[in-house]
Every structure is written in C-alpha cells, then in structure tokens.
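I have placed the structure first, in the form of structure tokens, so that the comments after it can refer back to it.
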Amino acid sequence: MSATEAPKTEAPPLPAPRDPGLREMANAIRALAMDAVEKAKSGHPGMPMGMADVATVLFTKFLKFDPREPLWPNRDRFVLSAGHGSMLLYSLLYLTGYPEMTLDELKRFRQLGSRTAGHPEYGHAPGIETTTGPLGQGLGNSVGMALAERILNARFGDALVDHRTYAIVGDGCLMEGISHEAISLAGHLKLSKLTVLWDDNSITIDGPTNLAYSGDQLERFEAAGWNVAAADGHDTDAVAAALERAQESDRPSFIACRTTIAFGAPTKAGTAAAHGSPLGAAEIEGARKRLNWPSPPFEVPEPIRARWRAAGAKGAETARAWRERLAQAPAELRREFERRQSGELPSGWREALGAVKTKFASEAPKIATRQASGAVLDALAPVMPELIGGSADLTPSNNTKAKGQAELTPKNYGGSYIHYGVREHGMAAAMNGLALHGGVVPYGGTFLIFTDYCRPAIRLSALMGVRVIYVMTHDSIGLGEDGPTHQPIEQLAALRAIPGLRVFRPADPVETAECWELALSAPKTPAIIALTRQGVPTLRRDTQKNRSARGGYVLAEAEGARRLTLIATGSEVALAMAARDLLKAKGVTAAVVSLPCWELFDAEDVAYRKSVLGAAPRVAVEAASPFGWERYVGETGAIVGMTGFGASAPAEDLFRHFGLTAEKVAEAALKVI
Ligand SMILES: Cc1ncc(C[n+]2csc(CCOP(=O)(O)OP(=O)(O)O)c2C)c(N)n1
C-alpha cells in the first residue's frame, strides 16, 4: 500500500469515550474541520480530527481566555504550531464564542479575504496569537511568549502577570531543527509555565514517521530539561491529568498525546491520506456515522454549542477579577504596565538617544558602527526597561549588552539581557514570541551572515508586522580575516527582498543613532540594523533632523553643477566621499547620497527621490552583491560591489583586492559621465 492510499476495509466501531460529553464537544470540532476542508476543496482535516479531544480538554478545563476580551493581557497564550491544522483553531474560536470567528468565516475557509486563511495568520482574527505554518516556528514563538510572561511577572508581580503558554506541535514541528534550539533554550531557562502538547500520531505527509524518524521524543525533551509525560490523546481524563501535573512542574512540560490522525474517519483514519486533502463525501458520511454526528454540514446541535459557549464564557470572571486587580494596583505601577502593554515608548528615550547623537557629532569619533550601536544601547537601556537584549553567543562582537544590563537567568527573570547561546534561529523565533506577547521590545544580535540562520523567523516578523530589532554586525568583507564563510555578500539583497522589513545600514555613528531611533519608533515593523566591524569616520556633524528618516539624502552636494551622483550605504559612504574628492581634482563635480534604508527611501514621493538622486549619471557603491542596485543607477550607471565571495585577509587588503577603493569608484564614475 502506498503512503497516501487508504485501506479498503472499514475499521471496527470506536471504543466508548471516557467522557461522552467532552467527546460530543470534540466531535463538533471534527465535523467543522471535515466540512470546511471539504467545502474549500483543500486543507488538512486529519490533524484537527486527531487533536480534537486534547484541544477540548485544554479549552474547557485549563486555558484562561475571554473571547469578549481577546487581548486581555493576562490571558493564557495558545499557539497552534502545527499551523496546517488551522481548522482546529478556527473551530475552537467559533465554538467558544469569539465574535469575529463566525460560522460564515468557517464556510469561507481558505478563501480570499476571509479570516480563515489556509494557515493561521496573526491579525486576521482575535485569538490567533501568531502566524504559523512553517513547521516549528510556533514552538519557537511559544518559548518567547513564556519568557515574556516571566520577564513581566518579575517586574509587575503575580497579581498582574501570571499566565501559562500552551503550544500544540506535530511530528513535523519536532523534526525541524528549530525545535532543538527552542526546547533547549526553554529547558535552560526553566520556563515552567510553558506546556507543549505533541500530536503523537506517527504520521506525516510521506507516510508513517518511521520512514524518516527513529528517535525518542520523550527522552529528547527530558534531556533538554523538560518535565515529560505521555497520555492517550483520546482519553480526556488522561490528558486532563497530564495537564494538571504540568501545572506543578518547575520545568517546561511536554505531553506526548498519542492520537489517531483523522480520528473517526472510517478508512482514512491513521493514514497519511487524511493529512492534507479533503476526505471526500463517502468518507465524511462514514465518519458522521462512526462519530454519531447526524447533523448536516456546519451545524452544531444547540445543546453542544451551548456547552462550548459556556466554556468560552468562563474566562470572563477571571478577566474581570484581573481588571479589578489592575485598577487597585498603585497608580504608577498601573500606568507603567499599561504603557508597556500599549507598546508606547517611555518619555525620555528620544532625549537619551539625541544626547548620544550630539556627542557623536561633536566628538566625531572614528569607530565601528557596532560600537556606536553599543553606545546607543548604553544610553537607552536605563530609560527603556522594556528593551530586552541578547545575542546568539556573540555579545562582545555585536556590542549588544548595554552597561548595567543584568543577565536574565532562571534565577533572575528581572534581567534584561539574554544569552541565547549559539541558537540564531531559536533566538529569532523567540524574539517574535516576545514581541507578540507584548510589554517588551526585543532586540538580538549575531553576524549579518547568519541572518541566513534566522531567515524563516525574520520573514515571519515581517509578515506579522512585529517590532523585532535584529542587530547584525560584521556586515561586509570589512570584517576581514574570518574570510568568505563569514563575509555577507547576498544577504543585504536577500533581506531587502523581504516585504515589510526595514534594512538599515548606517554610514557612521550619527546615522547609527538615527537608525536605532527609526527602528524603535515603528511599532509594527521589524528592522535589521547592519553594522560594521571596522572603524568608520563620523561623516555627519549635524544632528537637528533625523536625516535617515527619509531613507536616503544628499550627504554632500556637488560643488557646482552636479555631473555625477555617488550612492552608497554603510562603510562605503566614506569611500564615496573620498572618490568625490578624487573626482573634484579631475574637475568632475559629484554629489554623495547616503542611502541607509532603501525601504524608507522607496516610500518617499517621486519628487523627493528625484531631488536626491538627481538627473546626472549615477554610481552605486556597496561592499555586497550588486543585485538590486540597478533600480537606482539605471542602465547607464555603474555599480561597484562584490560579484563573488570574499576572502580571508585584513580588511584593507580585501577592499583593495576587490576593487572597493576611492580610485576604482572614481574610475567607474569617469566611465559613466
Ligand atoms: C518548514 C516546513 N516544511 C514543510 C512543510 C510542509 N508540511 C506541512 S505539514 C507537513 C507534515 C507534518 O507532519 P505532522 O506534523 O506529523 O502533521 P500531521 O500529518 O500529523 O497532520 C509538512 C511536511 C511546512 N509546512 N513547513
């Protein structure tokens, strides 16, 4: 039998459920999932049908939520990491009474403009805490959410912050590499209020998991410092008992829930055929019989619907009691809590940043922009308690730890600096979770080259529109001797290709402060700040305006009629300035444009862009792939960049070797005018 072929014989009747009432409620999920997938002619019925019992126990007995107040800050977080099972989440939101998740939305599953996208999308409907679908990401997010809870609990106390985070993962989530980073980070940090429920059904798309996996997940989690348990995922008592025990653990909890994919389907249950295709009319009819669910499609019998609604209504009282506690909290604490929840930054942060900028402009240091970034953080950390920094084991290189920032440890969740370990992907996914949770503003560092190790999570930061700041240093061949494995070439272009992400590459210390200001003041936009390892001169002496805010600007106008425009970013802006001098000596008047952020510049109106770029021929300079620069230099311009990989040598030798010198830029310029 092939993996997707269903057995011919019909399965025997289902064993009697432990709790018929709960089974009926779970069957409502099963029916809605089958019907919605069937109507859409696409989707994944197997997972929701398999995990329906587990989810019913979680949502009726454990999860603290209020559909009428879905953003209540102290709610438990629920993450469906196995995002292909989205109908599980949508059914739960509908059944428990989230007003925006209507039956009509379920009927419009996977259709354009519906709230019920193929995979859960953050922002489409209240109750969807994060975007999932790329397997394992949700698990990574849940670690960040559980961490945010501990951080805020340390600051605001049990009365205001005391909730749990639950994630449902599948075999796929656990096979993905990111799961390793996520679970070992959570275990290390002893995130005891995180509970992961595994849909242990031994099925993936290709067939049984033993085609590709022979490890032991319980032992694996245990080795990572988790509390582990196993339960029959269709035995509601056993699931409830395991969830109960998880509440007592001083470690994060992992519960393997043994389930049958597409539980109830007569011939496809337990097979890969039920993973990602509509079951088909005959199979659905058979499932309705086996599950004793005679109702027509999309109809939930009133008594069962009423029980679900009652379960959904339970949280209102808990939410009300919490609001009362907030109202009774000392005024200053309450204001600070509310400010942090809203994402509004504290008064004084711009002044603190402005002071560093002024200092840079007056002292004009020749320092690496990573050092300038470190100085910015030194100034911001004391006035921005919500800043939660970290690095994937490159703290001294990334300059990410501000003076006075305490380390966050399992003994001190009040710290604001996280040693993420060598776990770039886990760090990025956790930062998404931190930002989604709210109350904190995460930033984290590694080398720019290793954005490749974070990319799936960076992409989701952009897709969701969350304020995560990636501090990515060692941003070109300027890092020198570490060589081509460490020298980013195509990374800037690849990051600029991600919609909704802002890629900043500041030229000097003043621009570094400006880019930080821009990254922080965009509450719904993630940012990459690409920073140099090597020293760069301070080019900007003016500080009145944030000139990086328009993405690009004329740093030095041509002396006389402009015959050429040199455009550069980061460390190459100084190089362009030197080329401008060489050209001047040859009688060519050139302007230099600094372009620290393409995305902001492209959002400016045509008149502004034209005024900056000018009508004269253009030459772009960036020690990276030329990919994409054509848009600014046109067909008649030139691009001085890196057409291949770098090499291992001192930085100055590399810039010379690869033709990234003022002389070469001037030479290229003379050819285009
Ligand atoms: C990173 C990533 N790789 C591949 C996929 C495609 N995909 C979706 S579900 C799935 C199999 C997942 O198996 P499992 O988690 O066991 O789900 P189940 O079959 O039990 O529903 C795959 C490979 C994906 N969504 N994300």
Side-chain angles (χ1 to χ4, degrees), residues 2-6 29-30 33-34 36-37 42-55 79-91 110 117-121 130-142 167-183 196-217 220-221 233-234 254-265 268-279 424-426 428-429 432 452-460 463:
S2 85
T4 49
E5 212 177 286
I29 297 173
R30 294 190 169 98
M34 288 192 297
V37 172
S42 96
H44 302 76
M47 188 275 181
M49 294 176 75
M51 281 299 273
D53 297 309
V54 173
V79 174
L80 185 69
S81 186
H84 58 281
S86 55
M87 268 310 300
L88 178 70
L89 179 58
Y90 302 150
S91 305
R110 295 191 153 223
H119 295 83
E121 291 197 44
T130 179
T131 295
T132 52
L135 297 171
Q137 291 291 332
L139 175 59
N141 297 160
S142 69
I168 286 184
V169 303
D171 299 299
C173 294
L174 298 187
M175 284 191 205
E176 290 291 349
I178 189 173
S179 71
H180 176 75
E181 298 181 22
I183 69 173
V196 169
L197 295 151
W198 171 32
D199 178 17
D200 177 14
N201 63 15
S202 301
I203 288 289
T204 62
I205 292 176
D206 278 6
T209 47
N210 65 14
L211 286 173
Y213 189 81
S214 43
D216 184 322
Q217 295 291 5
R220 177 180 174 229
F221 273 79
H234 302 300
F254 176 69
I255 305 173
C257 305
R258 185 80 207 135
T259 63
T260 302
I261 192 168
F263 180 91
K268 295 187 179 178
T271 76
H275 164 90
S277 320
L279 294 179
E424 295 85 1
H425 201 181
N432 280 340
D452 286 349
Y453 274 51
C454 311
R455 178 172 310 279
I458 295 176
R459 184 172 192 273
L460 285 171
L463 180 58

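Start at 1 and go down the list; that is how both ligands and their atoms are numbered. All values below come from the heavy atoms of this structure, side chains included, with hydrogens, waters and symmetry mates left out.
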Atoms in ligand 1 flagged as close to Pro134, the criterion being non-hydrogen separation under 4.0 Å: 26 (N)
Geometric class of the Trp198/Phe254 ring pair [parallel <30°, tilted 30-60°, perpendicular >60°]: parallel
Ligand 1 versus Glu176: contacting region, heavy-atom distance under 4.0 Å: side chain
Is it the side chain, the backbone, both or neither of Ile261 that has a heavy atom closer than 4.0 Å to ligand 1? side chain
For atom 13 (O) of ligand 1, which protein heavy atom lies nearest, and how many Å away is it? Thr204 CG2, 3.4 Å
Please could you name the atoms of ligand 1 that Gly170 approaches to less than 4.0 Å, counting only its heavy atoms? 15 (O)
Whether Thr132 side chain and Leu80 backbone form a donor-acceptor pair below 3.5 Å: yes
Among all protein heavy atoms, pick the one closest to atom 18 (P) of ligand 1 and tell me residue, atom and distance. His275 ND1, 3.4 Å
Atom 20 (O) of ligand 1 has as its nearest protein heavy atom Asn201 ND2, 2.7 Å
Any sub-3.5 Å donor-acceptor pair from Tyr213's side-chain atoms to Ser202's backbone N or O? no
Answer yes or no: is there a donor N or O on one side and an acceptor on the other, between the side chain of Ser179 and the main chain of Met175, under 3.5 Å? no
Contacting atoms of ligand 1, where contact means under 4.0 angstrom from a heavy atom of Asp171: 14 (P), 15 (O), 16 (O)
Is there a donor-acceptor contact under 3.5 Å linking the side chains of Asp171 and Thr209? no
For the residue pair His234 and Gly50, what are the closest heavy atoms and their distance? CE1-O, 3.2 Å
With a 4.0 Å cut-off on heavy atoms, is Ala82 in contact with ligand 1? no
Is there a polar contact, in the sense of an N or O pair closer than 3.5 Å, between Leu135 and ligand 1? yes
If we ignore hydrogens and angles and just use 3.5 Å, is the side chain of Glu424 paired with the main-chain N or O of Tyr453 as donor and acceptor? no
Check: of Ile205, Ile178, Leu174, min heavy-atom distance to atom 7 (N) of ligand 1 comes from Ile205
With distance as the sole test, does Asp199 use its side chain to make a donor-acceptor pair with the main-chain N or O of Val169 at under 3.5 Å? no
Where is the nearest protein heavy atom to atom 21 (O) of ligand 1: which residue, which atom, and how far? His84 NE2, 2.8 Å
With atom 25 (N) of ligand 1 as the reference point, say which of Gly172, Gly133, Gly85 has the nearest heavy atom. Gly133
Write out the residue and atom name of the closest protein heavy atom to atom 16 (O) of ligand 1, then the distance separating them to 0.1 Å. Ile203 O, 2.7 Å
Tell me if a side-chain donor or acceptor on Ser86 pairs with a main-chain N or O of Gly118 at a distance below 3.5 Å. yes
